[in-house]
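Heads up, the thing below is written out as structure tokens.
Because only heavy atoms are used, hydrogens play no part in the values below, and waters and symmetry mates are left out as well, while side chains stay in. One-based numbering, in listed order, for ligands and for the atoms of each.
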Amino acid sequence: IKPSQEWIDQKFSMFIHFGLYSVYGGVYEGKSVERGYSEQIQSFAGIFSDWYGETANEFNPLKWNPDSVVSLAKQAGMKSIIFTSKHHDGFCMYHSRYTEFNIVDATPYSRDLMKELADACRRGGIGFGVYYSLIDWHYPHAYPISSHNADPLTDEHYEFNMKQIEEIMTNYGDISEIWFDMGSLTPEQSKGLYELVNRLQPDCMISGRLGNDYVDFAVMADNEYPDYKMGIPWQTAASIFNETWGYRSWQVRGDLQEKREEKISSLMKVISRGGNYLLNIGPRGDGSIVEFERDVLLGVGNWISKNSEA
Ligand code: JFZ
């Protein structure tokens with residue numbers, strides 16, 4: 001039996017969208033790409049997979065400091081960090097044996113950034129979980145060249161995902177939750193992945209986006225709340241700016257106090273209805289944290305500590 005109540009009791013966690021797309025920051029060939037989320041710039045700007053892949057040569061996030069990220073999460077009152085192990089672009093932020101398109105083999109940084117974050121979470125006493133995209137715009141056997149967000153998984157691609165989930169569930173210590181995203185799986189494929197995760201990490205909570213009712217928790221969009229008592233644990237995922245999850249250099253930031261109040265009010269609505277609030281940050285390509293996002297988080301954390309007894 002999964003520790004669902006422990007998971008619900010976390011109440012508030014950090015989502016991090018960090019990947020090759022962070023290097024672009026929502027800009028392609030000198031122009032702001034206004035359509036779509038910036039973490040999906042490869043698709044929205046129509047960048048060929050090979051060209052996009054070359055960005056790895058420039059990806060060297062030396063300003064990334066996992067211990068300060070963990071400390072920020074804790075100051076914000078968050079109980080775990082959910083990290084993009086692989087987004088739709090197929091680039092792995094961990095050392096995968098099954099593709100060289102990963103942060104160790106393809107970048108000058110050449111370190112397993114996800115491992116260092118998982119270790120920092122453990123040192124800091126908070127949970128560590130992963131986001132994993134079931135579609136992959138880099139994998140050659142994806143269907144046909146996976147350009148949509150709901151393509152079926154070919155047998156080859158499914159096997160590839162199974163192997164990657166096996167390594168993620170084996171090499172990074174305890175994983176508190178896995179946020180599967182997108183893809184259209186057959187019931188057999190959903191079952192296969194669900195059972196694999198359960199076998200390797202029996203306590204890992206699995207997001208409903210795996211499909212076919214293989215679900216430990218349901219995912220709601222920001223400002224969406226279940227209007228009936230849901231029979232299963234649920235989570236609301238939100239980004240700071242609502243329009244993007246990955247870093248966007250030209251983002252208009254607006255007023256800090258207003259943003260802080262907006263997020264506190266979402267957090268209250270979610271947890272008062274028994275949900276779990278997952279608030280996202282999108283670090284820059286150099287690994288630094290956007291100051292505005294940090295300040296919103298610190299503001300929320302400050303509010304929480306002022307308003308909680310003892
Ligand atoms: C997906 C991704 O396509 C997106 O790039 C980002 O990673 C986001 C966190 O996840 O998009 C979603 C996923 C879930 C919902 C909406 C957009 N939802 O539950 O409403």
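Residue contact check: Glu39 has heavy atoms under 4.0 Å from atoms 4 (C), 5 (O), 6 (C), 7 (O) of ligand 1. Shown in contact with Phe15 at under 4.0 Å from a heavy atom are these atoms of ligand 1, numbered in order with element: 9 (C). Annotation for ligand 1: atoms under 4.0 Å from non-hydrogen atoms of Val219 are 19 (O). Counting atoms of ligand 1 from 1 in the listed order, those under 4.0 Å from a heavy atom of Met182 are 1 (C), 3 (O), 11 (O). Residue Tyr131 has at least one heavy-atom neighbour below 4.0 Å for each of these atoms of ligand 1: 2 (C), 7 (O). Near Tyr37, meaning under 4.0 Å from any of its heavy atoms, are these atoms of ligand 1: 4 (C), 5 (O).
Asp105 contributes atom CG, which lies 8.5 Å from atom OG1 of Thr99 (distance to the nearest 0.5 angstrom). Summarising the geometry, atom SG belonging to Cys92 is positioned 10.0 Å from atom CG belonging to Leu20; distances are rounded to the nearest 0.5 Å.
Salt-bridge annotation for Arg123 and Asp67: present, with a side-chain N of the basic residue lying under 4.0 Å from a carboxylate O of the acidic one. Contact check on Glu166 versus Arg97 returns no salt bridge, with no Lys/Arg side-chain nitrogen under 4.0 Å from an Asp/Glu carboxylate oxygen. With respect to the salt-bridge test (charged N to carboxylate O, under 4.0 angstrom), the residues Lys163 and Glu167 do not qualify.
Note that Lys263 lies outside the cation-pi zone of Phe12, set by a 6.0 Å cut-off to the ring centre and a 45° limit from the axis.
Under 4.0 Å from ligand 1, the heavy atoms of Asp181 that appear belong solely to its side chain. Here His87 has side-chain heavy atoms under 4.0 Å from ligand 1, and that is the only part of it that gets that close.
Considering both main-chain and side-chain atoms, Trp245 never comes within under 3.5 Å of ligand 1 through any nitrogen or oxygen pair. Considering backbone and side-chain N/O atoms, Gln40 comes within less than 3.5 Å of an N/O atom of ligand 1. At least one N or O atom of His88, backbone or side chain, sits closer than 3.5 Å to an N or O atom of ligand 1.
Exactly one residue among Phe59, Tyr131, Tyr247 makes a ring-ring contact (aromatic ring centres under 6.0 Å, His included) with Phe18. That residue is Phe59.
Side-chain contact between Phe217 and Ile206 is absent, with no heavy-atom pair separated by less than 4.5 Å.
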